[in-house]
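For reference, the structure discussed in these notes is given below.
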Amino acid sequence: MGAMLLVMVVLVFANAAGRYLFGTGVAASEEIARLAFVWLIFLGAILAVRERTHVGVDMLVQRLPRAAQKACLVICNLLILYALWLFAQGSWQQVIVGLNSRMPVTDISLAAFAAAGLVTSVAMAALFLADLVRLFSGRMADAELVQVRETADAEEIREFEREFAAGGSTAHSGKAP
Amino acid sequence: YAQNIQPRLIRFGYGLNEDSNQGRAARFFAEEVAKRSGGKLKVRTFGAATLGPDPQMQNALIGGAQEMMVGSTATLVGTVKEFAIWDVPFMFANEKEADAVLDGPVGQKLLDKLQEKGLVGLVYWENGFRNLTNSRHKIEKAEDLQGVKLRVMQNPVFIDTFKAAGANAVPLAFAELFTALETKAVDGQENPYTTIVSSKFYEVQKYLTVTNHVYSPWIMTASKVWWDKLSPDEQKILIDAAVASRDFERADTRAEAAKALDQLKADGMDVTVMPPEEVAKLREKAAPVTKTVIDSVGQPLWDEVQAEIRKTRGTN
Amino acid sequence: MTIALFLGSLLGLMAIGMPIAFALMLTGVALMYQLDFFDAQLLAQNMLGGADNFPLMAVPFFLLAGELMNAGGLSKRIVALAVTLFGHIRGGLGYVAIGTSVVLASLSGSAIADTAAIAALLIPMMRNNGYNLERSSGLIAAGGIIAPIIPPSMSFIIYGVATNISITKLFMAGIVPGLLMGVTLVLIWMRVARREDVPVQPRQPWSVRFKAAVDGIWALVMPVIIIGGMRFGLFTPTEAAVVAAVYALIVGLFVYREISLRDLPLLFVSAAKTTAVVMFLVAAAMVTAYMITLAELPGQVISLLEPMLDHPKWLMAAIVVLLTLVGTAMDLTPTILILGPVLVPLITKAGIDPVYFGVMFVMVGAVGLLTPPVGTVLNVVCGVGRVSMEGIIRGVWPYVVAYTALIGLFVVFPEIITVPAGWLH
Ligand code: NA
Ligand code: NA
């Protein structure tokens with residue numbers, strides 16, 4: 001993922017720099033950068049399912065009793081699995097369609113884009129299924145019952161601050177000498 | 001009315017705004033279909049790419065998730081490579097030649113090739129002859145293009161054509177074009193008059209050069225999966241309405257292009273017509289590019305197109 | 001019926017704790033069933049199409065630039081300078097945030113990209129300086145939506161193209177209301193900051209300020225490079241974002257030497273992760289937007305407004321209410337694309353200036369980026385600033401109310417927009 005972002009940076013920068021310095025751009029840059037962008041988004045979204053960082057509202061579920069939280073989680077996961085099944089189906093059809101089409105400059109098959117949808121839906125479905133299995137086999141911790149990002153989580157903030165402190169604490173530089 | 005018509009809803013997508021020539025013709029098509037089917041076939045039009053950009057709609061048609069669309073033929077090149085022939089620069093001298101070839105046997109042959117890829121090609125509409133604008137200086141001669149930073153379509157034929165002419169051909173997404181022109185990140189662009197007006201390029205471009213360097217058609221297509229479910233009566237209604245819309249669209253576009261040129265002049269653009277001998281120089285420079293297109297689409301198809309053009313010229 | 005199904009399914013799914021992106025996908029599916037247009041490809045296609053969007057690459061680039069500015073010591077120095085200048089004022093970093101929002105708004109045209117940059121830059125600093133996280137992130141979200149009002153603006157470009165209205169005129173007309181939004185934020189923050197129990201630092205002598213300025217010179221020229229680069233045509237807005245990232249990288253690596261090559265993978269991955277969360281949501285919103293288009297919801301609502309043609313100000317007020325409601329649930333770009341072309345003929349008939357209307361439309365739509373359930377800017381701040389959705393809603397509402405009052409003022413006195421627009425054009 002980081003590598004894909006690097007590819008995008010290099011290509012888009014090269015296109016701008018090339019135009020400025022040599023009066024011409026890199027024709028293939030947009031197509032490859034777009035492909036990298038699509039894969040970055042979907043692979044990152046899979047990771048976000050695993051790390052439970054997708055944005056949601058937990059105002060209501062946080063206040064529910066444990067049994068109700070479990071019920072919500074089961075309903076959510078089943079509905080999401082249904083959406084992912086449709087996403088997989090649709091992506092598969094798009095892969096088939098895409099095999100017959102190519103991008104104008106790079107000649108990359110459009111199936112390379114649609115494949116991102118297929119991989120995402122399958123991988124995400126596996127993660128949500130695994131959660132259901134863990135829930136029903138009683139191996140899921142209570143803390144995991146609410147799966148949308150609880151972003152004000154103290155530990156996450158501490159981690160972020162540690163990350164930050166590595167670059168030098170801003171709090172100090174602003175204060176009087 | 002014909003006997004075998006089911007009530008059907010047809011989602012018809014296109015890329016430009018509702019008040020563009022594309023939008024007017026789409027509405028005309030919808031009205032024609034309604035009239036000819038006694039209101040049973042209902043075409044619902046969706047402009048401004050609300051059903052997605054051309055490549056996305058094209059995929060939806062192939063997969064059967066959308067019924068009909070009109071869009072650029074350039075999008076089809078990735079699917080049926082022969083469509084690259086409509087991108088050849090300086091191939092048609094005027095609309096009459098374009099009409100004759102596109103509506104003739106060669107045009108039909110290409111439409112037929114779409115069938116095996118899951119599309120039904122119906123008719124060609126007109127986007128128009130493309131012309132140059134720039135903010136740097138007046139372009140009257142072929143040499144004037146030297147060093148001009150020109151945004152071109154993301155298509156090797158266009159990029160190579162303008163590189164061969166000495167311009168710095170810059171591929172850039174259309175969505176970023178206006179800002180790029182405004183901030184002078186690029187000096188110029190090339191599009192039909194109607195696009196120059198509708199995208200307001202005249203606000204940020206001073207010089208317009210009439211080059212007619214390439215004729216861009218649009219193509220109306222239907223989903224083959226869906227089309228095959230229609231009765232022959234229904235298909236006939238759609239084909240007839242498509243042909244009527246084509247005639248309407250071309251007349252409308254040509255009238256608007258004439259008006260657009262006047263409007264561009266009124267908006268303060270400095271309009272220059274490139275003399276034929278200078279256009280010929282550009283055509284010469286583009287010859288190697290044309291050669292690569294011929295290699296890709298095959299000599300026989302090229303010869304057929306040329307024969308059709310000669311026939312049209314002979315009758316002039 | 002359609003609108004009830006849409007809101008019911010979206011809000012219901014979010015209430016039971018489903019991530020918004022999946023709730024949007026399933027709402028799209030529900031609408032498909034209701035309209036009898038069921039097709040799995042529509043879901044896949046709109047997801048893929050929503051992700052495959054070149055101008056939105058500004059999002060990861062600005063996120064990366066933010067990460068690099070943080071890790072490379074650039075942001076630190078900008079803030080150090082800002083604090084020597086404003087630290088002695090109560091809530092000083094809030095004014096820094098507002099100023100940065102207005103300056104960045106003149107650098108880029110996308111609320112999401114701007115908000116991401118400002119949030120990555122300032123939320124950690126405000127927190128480290130003892131500011132309340134919710135109030136700070138609310139302010140930054142509210143500042144982020146100035147981006148599409150002050151030119152350059154992606155929204156004005158889309159609106160101008162969709163409705164055939166002069167983009168230059170829209171740009172010029174956006175300057176004054178954009179600055180007034182900044183003034184509004186200052187006024188509200190003055191009140192909010194009274195509650196901030198933040199240690200106020202002593203006023204710094206000019207020698208200290210000068211030293212901070214010299215130390216931060218490499219960071220300070222960054223906006224100059226971006227503004228200059230765009231004004232003089234070296235690059236487009238998306239490229240400006242990438243140039244910002246590369247510049248921050250070079251300065252961090254070779255000038256301030258606060259990052260090493262070994263740190264880079266982590267920074268890139270971090271920016272990529274945030275991008276994925278934000279863009280996955282954008283992609284899922286495309287599915288719902290597509291189905292709303294197919295359902296022709298806009299057309300049905302418009303017919304209700306037709307009797308008001310004789311009373312332009314009331315019509316305008318009604319449209320503002322409508323757009324505010326639409327804005328709660330829909331993103332700015334699809335709103336413009338779907339409603340712009342339908343509303344403009346109507347308001348033109350009523351004698352309302354379409355340029356003024358365009359500014360109002362984009363402004364109301366931009367405020368919609370701050371309202372739940374679908375508030376893209378809120379999501380960005382949640383993702384970048386690590387604030388809960390509930391918290392950010394608590395932090396942002398005073399600004400939403402103030403912006404709405406400002407919009408109300410523009411409804412009653414359109415001259416505030418139209419008169420300066422006339423001078424500038
Ligand atoms: Na802006
Ligand atoms: Na909203």
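These numbers were taken from a predicted model, which means no experiment stands behind them. Numbered from 1 within each chain, the chains take letters A, B, ... in sequence-line order.
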Which heavy atom of [X] sits nearest to which heavy atom of [Y], and what is that distance?
{"X": "K163(B)", "Y": "A169(B)", "answer": "CG-CB, 4.0 Å"}
{"X": "V148(B)", "Y": "D144(B)", "answer": "CG2-O, 3.6 Å"}
{"X": "T209(B)", "Y": "N131(B)", "answer": "O-CB, 3.6 Å"}
{"X": "G147(B)", "Y": "R136(B)", "answer": "O-NH1, 3.2 Å"}

Within residues 53-64 of chain B, residues adjacent to chain C where the heavy-atom gap is under 4.5 Å: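 The list, in residue order, reads Q56(B), N59(B), A60(B), G63(B), G64(B).
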
Any pair counted as salt bridge (Lys or Arg N to Asp or Glu O under 4.0 Å), so long as it reaches residues 44-55 of chain C, sequence neighbours left out: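 Non-adjacent pairs meeting salt bridge (Lys or Arg N to Asp or Glu O under 4.0 Å): R34(A)-D52(C).
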
Which atoms of L181(B) approach chain C - backbone, side chain, both or neither, heavy atom under 4.5 Å: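 Neither part, no heavy atoms under 4.5 Å.
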
Centroid-centroid under 6.0 Å between F46(B) and Y14(B) rings: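 Here the rings of Y14(B) and F46(B) have centres that are no less than 6.0 Å from each other.
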
